[in-house]
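For this chain, numbers begin at 1 and follow the sequence in order.
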Amino acid sequence: MQNPKLSIIIPHYKTPEILVACLDAILREVKNVSYEVIVSDGETDDKSIEGLKKKYPSVFFIGTKENVGFAKLVNIGLEEAKGEYAFVINADILIKNGDDVLKIIDYVERNSDVGFLGPRLFGLDGSVQQTYFRKYTLLTVVARRTFFGKTRLGRKILDKFNYKDIDIKNPFEPDWILGAAFLMRMENLDKIGGRLDERYFMYFDDTDLCRSFKEAGLRVVYFPSTEFVHYHARSSDKGGGLFDILQNKLTRIHIASYAKYL
């Protein structure tokens with residue numbers, strides 16, 4: 001069998017009901033392109049995975065015994081991928097229309113210097129999600145984590161971080177894009193080492209990946225002409241400001257990842 005054009009890679013951790021919805025949408029909507037689906041499953045429940053393998057015989061499942069983190073799960077999928085393009089999506093992404101997949105592939109095919117393409121994502125309520133950002137600064141982190149973000153200066157810093165000064169209607173090149181869903185040409189990924197940096201367990205792996213592509217002379221593009229749905233929640237932010245660092249493990253991981261990124 002000829003290698004597929006597209007490898008859809010899904011890093012997954014203990015949300016089987018959401019994964020089922022994701023897979024159902026892929027198999028129902030994605031057409032007119034040859035593709036494979038690879039699920040990289042963290043801290044695998046053998047019974048659950050066996051059931052999914054029976055339900056989805058065309059999907060390739062790879063399990064890990066431990067919770068190895070997002071970057072490692074993506075890399076496990078990339079190692080098995082045979083496609084010309086890799087479309088990495090969280091298990092909480094729903095493809096509403098398969099034509100959106102064709103659109104992003106077509107754009108990268110016509111723009112060979114694109115290293116990382118992030119499509120527009122919507123929440124369940126129909127609102128557009130903020131997924132493109134400027135570079136982090138120390139003041140950005142403070143504004144996002146403390147009451148400073150509610151001050152006039154803090155709001156100004158966050159608005160700049162979120163590109164509120166730009167009306168996004170066409171593809172544009174932000175500093176970095178959230179890694180919930182992104183398309184890469186495998187040939188361009190090879191130019192930066194062919195994998196994500198596994199020193200990041202969670203968070204900043206996407207920021208770092210975008211930086212790496214740019215340093216290699218490749219573009220990072222936000223593509224607004226799509227309507228993928230994302231069940232996104234900022235699990236590292238429980239609204240407690242710096243108190244979250246003490247209470248929320250994911251907040252501590254987020255801060256540690258920022259330190260690694262610096």
**Request:** Write out all pairs satisfying ring-ring contact (aromatic ring centres under 6.0 Å, His included) with one or both partners inside residues 7-33, taking only residues at least two apart or from two chains.
**Result:** none

Distance-only criterion, 3.5 Å: show the donor-acceptor pairs between side-chain atoms of residues 120-127 and protein atoms not counting sequence neighbours.
unit_1: R120; atom_1: NE; unit_2: P224; atom_2: O; d: 2.8
unit_1: R120; atom_1: NE; unit_2: T226; atom_2: O; d: 3.0
unit_1: R120; atom_1: NH2; unit_2: P224; atom_2: O; d: 3.2
unit_1: R120; atom_1: NH2; unit_2: T226; atom_2: O; d: 3.4
unit_1: D125; atom_1: OD1; unit_2: S127; atom_2: N; d: 3.0
unit_1: D125; atom_1: OD1; unit_2: S127; atom_2: OG; d: 2.6
unit_1: D125; atom_1: OD2; unit_2: S127; atom_2: OG; d: 3.4

**Request:** Report the residues that fulfil side-chain hydrogen bond (donor to acceptor under 3.5 Å, both in side chains) with E227, sequence neighbours left out, ordered by chain and then residue number.
**Result:** none

**With sequence neighbours excluded, residues passing side-chain hydrogen bond (donor to acceptor under 3.5 Å, both in side chains) with K191** = N188

**Request:** Compare all side-chain heavy atoms of L189 with those of L78 and state whether any distance is below 4.5 angstrom.
**Result:** yes

**Prompt:** Closest approach of I38 and G77, non-hydrogen atoms and distance?
**Reply:** CD1-O, 3.7 Å

**Asked** In Å, rounded to the nearest 0.5 Å, how long is the span from CD of E84 to OG of S34?
**Response** 9.0 Å

**Prompt:** Nearest 0.5 Å, what's the CD-CZ distance between E80 and F61?
**Reply:** 14.0 Å

**Prompt:** How long is the span from the CZ atom in R185 to the CG atom in L218, to the nearest 0.5 Å?
**Reply:** 10.0 Å

**Message:** Before you tell me yes or no, could you show the steps for F172 and V221 under side-chain contact (heavy atoms from CB on, under 4.5 Å), namely the whole-Å CA-CA distance, both residues' side-chain angles and the distance that decides it to 0.1 Å?
**Reply:** CA-CA 6 Å; F172 93 111; V221 174; over 6 Å; no

**Asked** With a 4.0 Å cut-off, would you call D45 and K47 a salt bridge?
**Response** no

**Request:** With sequence neighbours excluded, tell me which residues meet ring pair (Phe, Tyr, Trp, His ring centres under 6.0 Å) with F70.
**Result:** none

**Message:** Set out, in order, the CA-CA distance, both residues' side-chain angles and the distance that settles side-chain contact (heavy atoms from CB on, under 4.5 Å) for D159 and D165, then state yes or no.
**Reply:** CA-CA 7 Å; D159 284 348; D165 54 329; over 6 Å; no

**Message:** Using side-chain contact (heavy atoms from CB on, under 4.5 Å), reason through D206 and L178 one step at a time and then give a plain yes or no.
**Reply:** CA-CA 6 Å; D206 42 16; L178 186 73; 3.9 Å; yes

**Prompt:** Do F228 and I89 come close enough that some side-chain heavy atom pair is under 4.5 Å?
**Reply:** no

**Request:** Quick one: list whatever passes side-chain contact (heavy atoms from CB on, under 4.5 Å) with D99, sequence neighbours left out.
**Result:** N97, L102

**Request:** To the nearest 0.5 Å, tell me how far E173 CD sits from K214 NZ.
**Result:** 6.5 Å

**Request:** Report yes if the side chains of K156 and R152 come closer than 4.5 Å at any heavy-atom pair, otherwise no.
**Result:** no

**side-chain contact (heavy atoms from CB on, under 4.5 Å) partners of K82, counting only residues at least two apart** = N3, P4, E36

**Prompt:** Which pairs with one or both residues in residues 48-71 pass side-chain hydrogen bond (donor to acceptor under 3.5 Å, both in side chains), sequence neighbours excluded?
**Reply:** D24-Y56

**Asked** Yes or no on side-chain contact (heavy atoms from CB on, under 4.5 Å) for I10 and C22, after CA distance, side-chain angles and deciding distance?
**Response** CA-CA 9 Å; I10 308 172; C22 176; 3.9 Å; yes

**Heavy-atom side-chain proximity of V74 to D205 below 4.5 angstrom** = no

**Asked** Does M184 belong to the same Ile/Leu/Val/Met/Phe/Trp/Tyr cluster as I104, with side-chain heavy atoms less than 4.5 Å apart forming each link?
**Response** no

**Asked** At what distance, to the nearest 0.5 angstrom, does NZ of K14 lie from CG of L19?
**Response** 13.0 Å

**Set of residues satisfying ring pair (Phe, Tyr, Trp, His ring centres under 6.0 Å) with respect to F133, sequence neighbours excluded** = F161, W176

**Fill in**
In short, S212 meets I192 closest at the heavy-atom pair O-CG2, 3.6 Å

**L27 reachable from F87 in the ILVMFWY side-chain graph, under 4.5 Å edges** = yes

**Item:** Option from Y222, F223, F116 for which ring pair (Phe, Tyr, Trp, His ring centres under 6.0 Å) with Y132 holds
**Value:** Y222

**Asked** Sequence neighbours excluded, which residues qualify as side-chain hydrogen bond (donor to acceptor under 3.5 Å, both in side chains) partners of N170?
**Response** none

**Message:** Suppose we screen for side-chain hydrogen bond (donor to acceptor under 3.5 Å, both in side chains). Which residues come up paired with T140, at least two apart in sequence or across chains?
**Reply:** T137

**Request:** Working to the nearest 0.5 Å, report the span between OG1 of T44 and CD1 of I62.
**Result:** 10.0 Å

**Message:** Going by side-chain hydrogen bond (donor to acceptor under 3.5 Å, both in side chains), name the pairs with one or both residues in residues 101-115, residues two or more places apart or in two chains.
**Reply:** K5-E109, D106-R110, N111-R219, D113-R219

**Message:** Is it true that, when you exclude K96 itself, more than 12 heavy atoms of the residues, nucleotides or ligands shown sit nearer than 6.0 Å to its NZ?
**Reply:** no

**Complete:** Looking only at heavy atoms, the pair that brings Y35 and I26 closest together is OH-O, 3.6 Å

